[in-house]
Novice: 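I'd like to ask you about the structure that follows.
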Amino acid sequence: MTKEETHALLKKICKNTLMETLDIEVSEVGDDYLIAKMPVTPKVHQPDGVLHGGATVALAETVGSMASFVFLNTDDYYVRGIEISANHIKSISEGFVYAKATYLHKGRTTQLWSIRITDEAENLISVVKLTTITLPKKKDNA
């Protein structure tokens with residue numbers, strides 16, 4: 001697929017999902033990475049007015065899972081997140097955050113992603129590690 005076709009497909013599959021609720025949009029797809037952005041508004045704040053860590057982790061898992069979806073054979077396999085860990089470095093209360101997923105390990109069964117969350121000035125907000133797994137789709141015996 002072209003990058004434009006990939007963007008269109010990812011936008012289509014995000015309809016009526018958490019990604020749409022959080023306004024997560026893919027902004028760039030490279031040969032071995034994927035970047036998405038999310039607006040930081042009161043909708044994703046914790047009570048004291050800064051970005052909620054759970055929203056940050058949802059963005060990170062979205063980007064890593066989307067990257068697995070784009071870079072693996074999803075005609076025959078499902079992609080699922082199986083473990084995630086996050087370190088929140090800096091808070092942010094407005095603007096956008098950007099999540100860039102890059103491979104640490106691209107195995108046939110499991111994949112390990114490094115996901116860096118930054119603000120518009122490229123300040124590091126969070127560092128996330130995500131493990132995904134590919135599970136075979138069941139074939140219909142027709």
Side-chain angles (χ1 to χ4, degrees), residues 1-47 50-142:
M1 280 192 283
T2 67
K3 289 184 182 184
E4 292 78 21
E5 291 170 330
T6 301
H7 273 99
L9 174 62
L10 292 174
K11 187 171 186 161
K12 179 182 174 184
I13 65 175
C14 289
K15 279 283 191 205
N16 299 314
T17 66
L18 180 64
M19 287 70 76
E20 186 175 63
T21 300
L22 297 177
D23 297 319
I24 295 171
E25 291 182 24
V26 173
S27 56
E28 189 175 340
V29 179
D31 292 335
D32 61 353
Y33 68 91
L34 190 137
I35 300 173
K37 67 180 184 175
M38 181 178 73
V40 180
T41 65
K43 182 164 61 170
V44 295
H45 283 172
Q46 59 186 30
V50 298
L51 178 61
H52 193 290
T56 305
V57 171
L59 171 62
E61 184 158 359
T62 297
V63 171
S65 295
M66 281 182 170
S68 286
F69 179 81
V70 169
F71 299 126
L72 297 171
N73 173 8
T74 52
D75 290 337
D76 297 327
Y77 295 94
Y78 292 108
V79 174
R80 299 290 184 258
I82 58 173
E83 183 176 9
I84 193 164
S85 65
N87 293 94
H88 304 300
I89 311 298
K90 183 177 181 175
S91 62
I92 181 173
S93 58
E94 62 183 8
F96 283 88
V97 285
Y98 298 84
K100 181 176 183 179
T102 56
Y103 275 116
L104 293 173
H105 169 72
K106 184 180 177 183
R108 285 180 286 164
T109 304
T110 60
Q111 302 77 43
L112 182 59
W113 294 96
S114 172
I115 302 155
R116 295 175 54 87
I117 312 286
T118 58
D119 65 13
E120 293 168 290
E122 298 186 20
N123 294 306
L124 187 61
I125 303 299
S126 297
V127 177
V128 181
K129 184 177 73 172
L130 171 68
T131 306
T132 58
I133 188 168
T134 53
L135 301 170
K137 291 181 178 178
K138 295 200 181 345
K139 301 288 183 187
D140 291 334
N141 294 333

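Quantities reported herein were computed from a predicted structural model and do not represent experimental measurements. Residues take their numbers from the sequence shown, with the count starting at 1.
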Novice: Minimum heavy-atom separation for Val44 to Val40, with atom names?
Specialist: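 In this case the closest contact between Val44 and Val40 is CG2-CA, 3.9 Å.
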Novice: Could you report the tightest heavy-atom contact between Val97 and Leu59, atom names first, then the distance?
Specialist: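 Nearest heavy atoms, Val97 then Leu59: CG2-CD2, 3.7 Å.
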Novice: Side chain of His45, backbone of Ser93: donor and acceptor closer than 3.5 Å?
Specialist: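 Yes; at least one donor-acceptor contact below 3.5 Å.
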Novice: Relative to Tyr77, does Lys137 satisfy both conditions: NZ or CZ under 6.0 angstrom from the six-membered ring centre, and within 45 degrees of the ring's axis?
Specialist: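 No, Lys137 does not sit over the ring of Tyr77.
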Novice: Between atom OG of Ser126 and atom NZ of Lys90, what is the distance when rounded to the nearest 0.5 Å?
Specialist: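 Reported value, rounded in 0.5 Å steps: 11.5 Å.
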Novice: Can you check side-chain contact (heavy atoms from CB on, under 4.5 Å) on Val26 and Leu34, steps first, answer last?
Specialist: CA-CA 8 Å; Val26 173; Leu34 190 137; 4.3 Å; yes
Novice: At their closest point, which heavy atom of Ile125 faces which heavy atom of Ser91, and how far apart are they?
Specialist: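 Heavy-atom minimum between the residues: CD1-O, 4.5 Å.
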Novice: Where do Ser68 and Trp113 come nearest, in terms of heavy atoms and distance?
Specialist: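 In this case the closest contact between Ser68 and Trp113 is OG-NE1, 3.0 Å.
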Novice: My understanding is that only one of Thr131, Thr110, Leu130 makes a side-chain contact (heavy atoms from CB on, under 4.5 Å) with Glu83; could you say which?
Specialist: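 Among the candidates, only Thr131 passes.
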Novice: As a test of understanding, state which of His88, Lys43, Gln46 forms a side-chain contact (heavy atoms from CB on, under 4.5 Å) with His52.
Specialist: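 It is Gln46; the other options fail the test.
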Novice: Quick check for you: to the nearest 0.5 Å, what is the distance between Glu25 atom CD and Tyr98 atom OH?
Specialist: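 So the CD of Glu25 and the OH of Tyr98 are separated by 10.0 Å.
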Novice: Between Asp23 and Lys37, does any side-chain N to carboxylate O distance fall below 4.0 Å?
Specialist: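 Answer for the salt bridge query: no.
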Novice: How far does OG1 of Thr132 sit from CG of Leu72, to the nearest 0.5 angstrom?
Specialist: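 Nearest 0.5 Å value for the OG1-CG distance: 6.5 Å.
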Novice: A side-chain contact here means heavy atoms from C-beta on lying under 4.5 Å apart; do Gln111 and Tyr103 qualify?
Specialist: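 In short, these two side chains touch, coming nearer than 4.5 Å.
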Novice: Please report the shortest heavy-atom distance between Ala101 and Ala67, naming the atom on each side.
Specialist: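 Closest pair (atom of Ala101, atom of Ala67, distance): CB-CB, 4.3 Å.
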Novice: Provide the closest heavy-atom pair for Val128 versus Ala86 in the form atom of the first, atom of the second, distance.
Specialist: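 Heavy atoms of Val128 and Ala86 come nearest at CG2-CB, 3.8 Å.
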Novice: Can you tell me if Glu61 uses its side chain to pair, donor with acceptor, with the backbone of Val57 under 3.5 Å?
Specialist: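 Flag not set: sc Glu61 to bb Val57 has no pair under 3.5 Å.
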Novice: Could you tell me the separation between the OG1 atom of Thr134 and the OH atom of Tyr78, rounded to the nearest 0.5 Å?
Specialist: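 Output value for this atom pair is 13.0 Å.
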Novice: If I take atom OG1 from residue Thr56 and atom CD1 from residue Ile92, how far apart are they, to the nearest 0.5 angstrom?
Specialist: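 Rounded to the nearest 0.5 Å, the OG1-CD1 separation comes out at 9.0 Å.
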Novice: Decide whether Glu28 and Tyr33 meet the rule of one side-chain donor and one side-chain acceptor closer than 3.5 Å.
Specialist: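 Checked: Glu28/Tyr33 side chains pair up, N/O donor to acceptor below 3.5 Å.
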Novice: Ile115 and Lys100: side-chain contact (heavy atoms from CB on, under 4.5 Å), yes or no, with the steps?
Specialist: CA-CA 5 Å; Ile115 302 155; Lys100 181 176 183 179; over 6 Å; no
Novice: When rounded to the nearest 0.5 angstrom, what is the spacing between NZ in Lys15 and OG1 in Thr17?
Specialist: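 Answer for the NZ-OG1 pair, Lys15 versus Thr17, is 9.5 Å.
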